[in-house]
There are 2 protein chains.
Amino acid sequence: MPHPTFFNLPADKRNLIFEAAVEEFYEFGYAKASISRIVAKTGIAKGSFYQYFEDKKDLYKHVLEVIGRQKTEFSAAAFHDLERNDLLQMVRELFVSGIRFYRAHPKLASIAGDFAKLREPELKREITGDAAAKSNEFFIRLIERQKESGRIAPDVDAPVLADLIAFLSVYVAEHYADQALFGSEKQAMKTIDSLIWIVENGIAATNRPGR
Amino acid sequence: MPHPTFFNLPADKRNLIFEAAVEEFYEFGYAKASISRIVAKTGIAKGSFYQYFEDKKDLYKHVLEVIGRQKTEFSAAAFHDLERNDLLQMVRELFVSGIRFYRAHPKLASIAGDFAKLREPELKREITGDAAAKSNEFFIRLIERQKESGRIAPDVDAPVLADLIAFLSVYVAEHYADQALFGSEKQAMKTIDSLIWIVENGIAATNRPGR
DNA sequence: GTACAATATGACTATATAGTCATATGACCG
DNA sequence: CGGTCATATGACTATATAGTCATATTGTAC
């Protein structure tokens, strides 16, 4: 984590550095991001940077932590007044808030997306900790409960579905960037509906032979 | 593309360079891959490298092209004796051959996976061309045909499903690397079955109210 | 206002890297 | 054998980058 010196900084300077870091990671990705460029952009001295952060990784971790917090805040409200036991409604809200976050903070969302695709397992574990595992467990339990209450088919493989949900939320957030399917707000909602429809009903014709 | 000089090389030397490039891209990814390291590893002179390839991008493109060819060859046989009109069987074969390719050539598969996640739209377009679009169209047509023949529900959103299929095949190939769900061959097949079951039947209980 | 601690600074070192180029080596042909 | 063309070579240039450190500046407590 950043050194205390960084948090003692006046807000404008702190924000300046943060914004520059966001710009840098957004434009170049983690691997190619350069501290030299960040200090040049912000006008702070090289030595100062190293008084705020350990190294690039430290800065990256901080940026992602802030993004994580923002994302959580962003979705919290939407999730709060939600039927706690409707899986599909929950999934839908997951997708929608992913998209809304992208709209509100495209660069942050893009950095988070890149992070999800990063090929550095240790770094990912350092940053996300067991959040992914916990979310997975949460969904598995929810699925099992809904099986019992008869809303979800008992044949559904809960761990696979839980994993699929996590993956699809990445899919939605990612594809939102550059795909025809998510062009306008309206189209994005339609695509989400279609996706959820498929997951809910399956693609097989209901009146096909042998059902 | 590589200069003719590269293709004129004796096979062993050509392979040596190719293998070293694979190692490099596998270990460091495109952004961090270094030509200096590749020439050091292979023992060829720096100047020679630049007689074979334009630059790193040129080498990368060549590696991915070879991987693409290998992948196509790999699946071609399996797809050949397949019911041409069974979408789900096709999707299953797509997943299975993805996994089989991963087993046979883990490093190549990993490089291909990284490429899919690469954040360089121009480079991606240069390499894949319109292959993705064509595959998408193919699936859309197949879906529409199966709607007409009554095997797929008419309510299914064909473009979304086609896109979903493409994405899921990446999902399967990627998760295969490090996930519990795909540990053993047997488990991998079970996971694929579960996935396809969900896509086929949907997760909603069939006897739920209002069906 | 003085002493002390925290912070800021940027020149400097060490290290990587991409890409070039003049020269050397080999291969093939007449 | 001699000449010409393709190929090989690695030292060299130019440029980036990470990270350090002695020194300067600022802030704060008394």
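Every chain is numbered from 1, with letters handed out A, B, ... down the list of sequences.
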How does protein reach along nucleotides 12-17 of chain C, written 5' to 3' as B (base within reach of a heavy atom under 4.0 Å), S (only sugar-phosphate), or - (no contact)? -----S
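Of the residues in residues 7-18 of chain B, not one comes within less than 4.0 Å of DNA chain C through any heavy atom.
Each of Gly47(B) and Pro4(B) has a nearest nucleotide on DNA chain D; the 5'-most of these lies closest to Pro4(B).
Scanning for side chain to side chain contact (heavy atoms under 4.5 Å, CB included) contacts around Arg14(A) gives Phe6(A), Leu9(A), Ala11(A), with sequence neighbours left out. Legend: residues meeting ring-ring contact (aromatic ring centres under 6.0 Å, His included) with Tyr171(B), ordered by chain and number and at least two apart, are Phe167(A), His175(B). With sequence neighbours left out, the side chain to side chain contact (heavy atoms under 4.5 Å, CB included) criterion links Asp155(A) to Trp197(B). The ring-ring contact (aromatic ring centres under 6.0 Å, His included) search around Phe101(B) returns Phe74(B), His105(B), not counting sequence neighbours.
Within the 4.5 Å cutoff, the side chain of Val156(A) has no heavy atoms near those of the Asn201(B) side chain.
Residue pairs that meet the ring pair (Phe, Tyr, Trp, His ring centres under 6.0 Å) test with at least one member in residues 79-100 of chain B, sequence neighbours left out, do not exist here. Listed by first and then second residue, the ring pair (Phe, Tyr, Trp, His ring centres under 6.0 Å) pairs that reach into residues 106-127 of chain B come to none, sequence neighbours excluded. Every pair tested for side-chain hydrogen bond (donor to acceptor under 3.5 Å, both in side chains) that includes a residue from residues 66-77 of chain A fails, sequence neighbours excluded, so the list is empty. Residue pairs satisfying the side-chain hydrogen bond (donor to acceptor under 3.5 Å, both in side chains) criterion with at least one member in residues 53-64 of chain A, sequence neighbours excluded, are listed as follows: His3(A)-Glu54(A), Lys57(A)-Glu126(A), Lys61(A)-Glu126(A).
Using a 4.0 Å cut-off between charged nitrogen and carboxylate oxygen, Lys190(A) and Asp157(B) count as a salt-bridge pair.
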Under 3.5 Å, side-chain donor or acceptor atoms of residues 22-29 of chain A against the rest of the protein: list the pairs with distances, not counting sequence neighbours.
{"residue": "Glu23(A)", "atom": "OE2", "partner": "Lys107(A)", "partner atom": "NZ", "Å": "2.5"}
{"residue": "Glu24(A)", "atom": "OE1", "partner": "Lys41(A)", "partner atom": "NZ", "Å": "3.2"}
{"residue": "Glu24(A)", "atom": "OE2", "partner": "Ser34(A)", "partner atom": "N", "Å": "2.8"}
{"residue": "Glu24(A)", "atom": "OE2", "partner": "Arg37(A)", "partner atom": "NE", "Å": "2.9"}
{"residue": "Glu24(A)", "atom": "OE2", "partner": "Arg37(A)", "partner atom": "NH2", "Å": "2.8"}

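Residue Tyr52(A) is classed as a sugar-phosphate contact, given heavy-atom separations below 4.0 Å to backbone atoms only. As judged by a 4.0 angstrom heavy-atom cut-off over every strand, Ser48(A) is placed among the base-contacting residues.
Rounded to whole Å, atom C1' of dT20(C) lies 14 Å from atom CZ of Phe49(B). Computed from coordinates, the Lys56(A) NZ to dG19(D) P distance equals 9 Å when rounded to whole Å. Separating the CG atom of Asp55(A) from the P atom of dG19(D) is a distance of 6 Å, rounded to the nearest angstrom. Across the protein-nucleic acid pair, Phe53(A) atom CZ and dT20(D) atom C1' stand 19 Å apart, rounded to whole Å. Atom CZ of Phe6(A) is separated from atom C1' of dA8(C) by 15 Å (rounded to the nearest Å). One atom, NE2 of His3(B), and another, P of dC5(D), lie 20 Å apart when rounded to the nearest Å. Distance CD1 (Ile38(B)) to P (dG19(C)): 12 Å, rounded to an integer number of Å.
Distance from the side chain of Tyr50(A) is smallest for dT20(D) among the nucleotides dA8(C), dT9(C), dT20(D).
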Below 3.5 Å between N/O atoms, which protein atoms pair up with nucleotides 23-28 of chain D? Just atom names and distances, please.
none

